Number of protein chains: 2
Amino acid sequence: MNPASIVRVTFKQQMLQAREEAIVKTVNRLLAEKGFEAMTVDEVAAQVGIAKASLYKHFASKEALAVAAMLRVIRLMQDFIQALPAEAPALENLRAVVRWTLEAQLAADMPSLPNPNSSLRATLVANQDYMAGVRVLRDRLSTWIAAAQAAGALNPTLPAIAILYTFYVRACDPGLAFLRMDGLYQDEQIVDMVMCTCFDGVNAR
Amino acid sequence: MNPASIVRVTFKQQMLQAREEAIVKTVNRLLAEKGFEAMTVDEVAAQVGIAKASLYKHFASKEALAVAAMLRVIRLMQDFIQALPAEAPALENLRAVVRWTLEAQLAADMPSLPNPNSSLRATLVANQDYMAGVRVLRDRLSTWIAAAQAAGALNPTLPAIAILYTFYVRACDPGLAFLRMDGLYQDEQIVDMVMCTCFDGVNAR
DNA sequence: GTCTATATCCCGATAGAC
DNA sequence: GTCTATCGGGATATAGAC
């Protein structure tokens, strides 16, 4: 195999990867906008600009598309967490992560989480890469939550898992979309308000 | 028309109403468990114990089924609010309403809210009864929210509409299902934890 | 009004040429 | 790998007998 052919193969692979990335991004947006059940494969193909049959050369099923989109978000989130200062207070890092998920949601870049009884959920929990990614995220956040509780920054009477789920659910909180629909507030204000209700609650202080 | 025939008609109407109530309750539970898209009309008919064609004699479409279920929940909620003491502090009544929605959700009696871009949403906003019911609820709760803010019980820096949406979204918060799946807590504890994160937030106080 | 049986459509997935 | 064309299953909705 001569150098030229190697370059050619690499180029092809780059094209392949770029196309798959375009597919996954489109899936991501559609999952954010409509959810898994309402998203159709024809729609994905049309928005990517390829034939549906071509999609199935890249991904074996509609579920596989969704898994790829979820994996992408998990990796993006891991990258974001990786870039956070390890020496910063745990609460600050947690706030940064939650804010990141809210902004991603407003950017239509956060797939709506599968309902506990969704058909997609079974596929996800059966996927080792997905579960491994979730585990890494969960462990990292749980460590920060415990640290923030010990430091007196987060409510120590709440189980850490309850706080984790509170953050997790925020990532697809439909309240942001409702606030945006009203048209009274800028995206930044919406994020601030939800950050406030999440961490401070609605009670006066 | 003699008395006997009147009784007979009334009896028939009662049977009709009872059957429709059974249908709507079943729809309610299925909407709570799986959501609108995943619910099938065949499923509804099977669980009610009648033929699918008979369903369509009562309700014109799958959307009509969902609308009836949503209307039922709105009326139940209105009844609950009606029975609350008018002289109680606004915050107490608001807490009672939110708790009611959480308990209804755990009882699989709270339809999962339509996503902002759901096909169901268009049907709902086009329905005058539904919109009127929502308006009544919204006005009542908004009044209490404003009163609680004025009394220094709820955060006055948050827009009342943001607080309202915070409560609204809690009615289908998937966090309850996740906590229940973990099996570590009783339903009552789960409700208490979500009440805490909702009103007090996750921060320490 | 209730049933069985069926029409009709949509969607996920595939066949096969290029 | 990409395309057009199509299959097969499942879901909503209806026809027509009783």
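Bear in mind that the values here come from a model prediction, so they are computed numbers and not experimental data.
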Quick one: which of [options] gets closest to the side chain of [X]?
X	options	result
A/Ala53	C/dG1, D/dC3, D/dT12	D/dC3
A/Arg19	D/dT2, C/dG12, D/dT12	D/dT2
B/Tyr56	D/dA13, C/dG1, D/dT2	D/dA13
A/Val41	C/dG12, D/dC3, D/dG1	C/dG12
B/Thr40	C/dG12, D/dT2, D/dT12	D/dT12
A/His58	C/dT14, D/dT2, D/dA13	D/dT2
A/Lys52	D/dA13, D/dC3, C/dA13	C/dA13
B/Ala51	C/dC3, C/dT14, D/dA13	C/dC3

Distance check needed: [N] [atom2] versus [X] [atom1], whole Å only.
X	N	atom1	atom2	value
A/Ile50	D/dT4	CD1	P	12 Å
B/Ile23	C/dG1	CD1	P	11 Å
A/Phe59	C/dG12	CZ	P	15 Å
A/Leu55	D/dT4	CG	C1'	15 Å
A/Asp42	D/dT4	CG	C1'	13 Å
A/Lys62	C/dC11	NZ	C1'	8 Å
A/Glu63	C/dC11	CD	P	15 Å
B/Lys57	C/dC3	NZ	C1'	11 Å

A/Leu164 to A/Ser142 - nearest heavy-atom pair and separation: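 In this case the closest contact between A/Leu164 and A/Ser142 is CD2-OG, 4.0 Å.
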### Query
Which residue lies toward the 5' end of DNA chain C, B/Ser54 or A/Ser61, if each is placed at its nearest nucleotide?
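Counting from the 5' end, the first nearest nucleotide belongs to B/Ser54.
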How would you label the contact of A/Met15 with the nucleic acid (heavy atoms, under 4.0 Å): base, sugar-phosphate, or nothing?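 No contact.
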- Does a side-chain heavy-atom distance below 4.5 Å link A/Leu84 with A/Trp144?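 Yes, their side chains come closer than 4.5 Å.
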(request) Could you tell me whether A/Arg99 and A/Asp192 make a salt bridge, using a distance below 4.0 angstrom between a side-chain N and a carboxylate O? (result)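 A/Asp192 and A/Arg99: salt-bridged.
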Atom pair CG/OH of B/Leu158 and B/Tyr165 - distance to nearest 0.5 Å: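 The CG atom of B/Leu158 sits 14.5 Å away from the OH atom of B/Tyr165.
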inquiry  = For B/Phe178 and A/Tyr168, take the angle between the two ring planes, folded into 0 to 90°, and tell me which bin it lands in: parallel under 30, tilted 30 to 60, perpendicular over 60.
reply    =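 Judged by the thresholds at 30° and 60°, the geometry between B/Phe178 and A/Tyr168 is perpendicular.
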